[in-house]
Number of protein chains: 2
Amino acid sequence: MTASHDLEAQLLLDNQLCFKLYAASRAVIRAYKPMLDELGLTYPQYLAMLVLWEWQASPPEQATVKALGERLMLDSGTLTPLLKRLEQLGLVQRRRSSADERELCLALSAAGLALRDRVLPLKQRLLCESGVDVNELEGLRESLGQLLALVRAHS
Amino acid sequence: MTASHDLEAQLLLDNQLCFKLYAASRAVIRAYKPMLDELGLTYPQYLAMLVLWEWQASPPEQATVKALGERLMLDSGTLTPLLKRLEQLGLVQRRRSSADERELCLALSAAGLALRDRVLPLKQRLLCESGVDVNELEGLRESLGQLLALVRAHS
DNA sequence: AGCAATTGAATTGCACACAATTTATTCATC
DNA sequence: GATGAATAAATTGTGTGCAATTCAATTGCT
């Protein structure tokens, strides 16, 4: 194995961590599709709901668009239309903060809260049908967390 | 730790492998941005070019849109406009196969071929500046490959 | 109080992703 | 050789992502 081989190999698609990440992410989102179709949500909408459900149990100081954006690492350009759709679906309420009119506060509607109960059974079923060994995923989740921390630190 | 705690924990964002994948993928794409800006490419365009460069060294039976789509796991709805943009940039040539008029054959222009030489130095610099330890990424790449194979097998 | 700088959302514009449909071509079978 | 099924791209429509800008509200400073 020569040095130039090593270098050239760095341009092979299959050696690209970035491609594997990108492809795996889309593949997992695709795997979630049947479940999300039943819930009537898109994947990023589902992630937003996860945060809002979490906030029910342990409310943050401010349940604003900004806070949600920091949690999901998404900006208002993505979240504003997404949240308007969740509002249209009757799952989320959006209202300006009275303390600071710049902030938009987010709250779950009754339907949004109720939707939570349908998720776990669907997710269990998905996990079963996918035939994925949960224990195998532990290590991956940890490595991903490290990579994420690393990339975020250097940006 | 009760059973219901275990279940509830499955809805916490930070416990979602899917979210970590999704966030890490976007973070890595963001990290590539400075390099891709210099090349004048978007991230999926870069991936397409990686495949086309690879095909120079070892040509596939058919260098078609379909073959590229299988390699990148993307469909024509994504690739058609993307490839038209690469053609506009003067990097790629698109022409119907004479053997089968349904197929669209892809080829690199001289400029497309030449662009390859600028990638490795930029990538080396990116890797250095990011401060990422390449060895740490090996394990992650392997786990991702396994996950990818797993999810693809069950779809 | 007055005003510049900052902040939080919204908006705009571009490029994906992907489902669903359409169109053109080829294949298979009769 | 006609024709129905299959195939490869292209098209259409919806929903992100994200950079850049705009707008309104607030904060800091004098």
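Chain identifiers are assigned alphabetically (A, B, ...) following the order of the sequence lines, protein sequences preceding nucleic acid strands; residue numbering begins at 1 within each chain.
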Please determine if a side-chain N or O atom of [X] lies less than 4.0 Å away from the OP1 or OP2 oxygen of [N].
| X | N | result |
| --- | --- | --- |
| A:Thr42 | D:dT16 | yes |
| A:Arg26 | C:dA17 | no |
| B:Arg94 | D:dA8 | no |
| A:Tyr22 | C:dA17 | yes |
| A:Arg85 | D:dT16 | yes |

Checklist line | Whichever of B:Gln45 and A:Lys66 has its nearest DNA chain C nucleotide further upstream toward 5' | finding: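 Closer to the 5' end of DNA chain C: A:Lys66.
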
Notebook entry, point to check: Of A:Lys84 and B:Thr78, whose closest DNA chain C nucleotide lies nearer the 5' terminus?
Noted result: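 The answer here is A:Lys84.
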
To the nearest Å, how far apart are [X] [atom1] and [N] [atom2]?
| X | N | atom1 | atom2 | value |
| --- | --- | --- | --- | --- |
| B:Leu106 | D:dA8 | CG | C1' | 12 Å |
| B:Glu101 | D:dA9 | CD | C1' | 12 Å |
| B:Glu87 | D:dA9 | CD | P | 14 Å |
| B:Leu74 | C:dA15 | CG | P | 16 Å |
| A:Leu21 | D:dG17 | CG | C1' | 17 Å |
| B:Leu79 | C:dA15 | CG | P | 15 Å |
| A:Leu36 | D:dT14 | CG | C1' | 16 Å |
| B:Asp37 | C:dA15 | CG | C1' | 13 Å |

Notebook entry, point to check: With under 30° as parallel and over 60° as perpendicular, where do the rings of B:Tyr32 and B:Tyr46 fit, or are they tilted in between?
Noted result: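 Tilted: the ring planes of B:Tyr32 and B:Tyr46 meet at 30° to 60°.
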
NA contact type, [X], heavy-atom cut-off 4.0 Å: base, sugar-phosphate, or nothing?
| X | result |
| --- | --- |
| B:Ser76 | base |
| A:Ala99 | sugar-phosphate |
| B:Asp100 | sugar-phosphate |
| A:Leu82 | sugar-phosphate |

Item checked: A:Ser97 or A:Pro44, whichever maps to the more 5' nucleotide of DNA chain D ->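 Result of the comparison: A:Pro44.
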
Notebook entry, point to check: For B:Thr64 and A:Asp75, take the nucleotide of DNA chain D holding the closest heavy atom to each; which residue's nucleotide lies nearer the 5' end?
Noted result: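 Nearest nucleotide further toward 5': that of B:Thr64.
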
Notebook entry, point to check: Under the side-chain contact (heavy atoms from CB on, under 4.5 Å) criterion, do B:Leu148 and B:Met73 qualify, and how do the steps go?
Noted result: CA-CA 11 Å; B:Leu148 197 49; B:Met73 301 179 238; 3.9 Å; yes

Check: Which nucleotide in the list C:dG8, D:dA9, C:dA15 gets nearest to the side chain of A:Glu103?
Finding: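 Looking only at side-chain atoms, A:Glu103 lies closest to C:dG8.
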
Notebook entry, point to check: Nearest to the side chain of B:Arg96, which nucleotide is it out of D:dA9, D:dG17, C:dA9?
Noted result: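 Side chain of B:Arg96 sits closest to D:dA9.
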
Margin query: Taking A:Glu8 first and then B:Arg116, would you say they form a salt bridge - that is, a charged N and a carboxylate O separated by under 4.0 Å?
Written below: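 Yes, A:Glu8 and B:Arg116 are salt-bridged.
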
Item checked: Salt bridge A:Arg141-B:Asp14, side-chain N to carboxylate O under 4.0 Å ->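 Salt bridge absent between A:Arg141 and B:Asp14.
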
Next item on the list: Kindly give the heavy-atom pair with the smallest separation between A:Met49 and A:Val92, and that separation in Å.
Entry: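 So the two residues come closest at SD-CG2, 4.0 Å.
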
Notebook entry, point to check: Which atom pair, heavy atoms only, marks the closest approach of A:Ala67 to A:Gln62?
Noted result: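 That closest heavy-atom pairing would be CB-O, 3.3 Å.
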
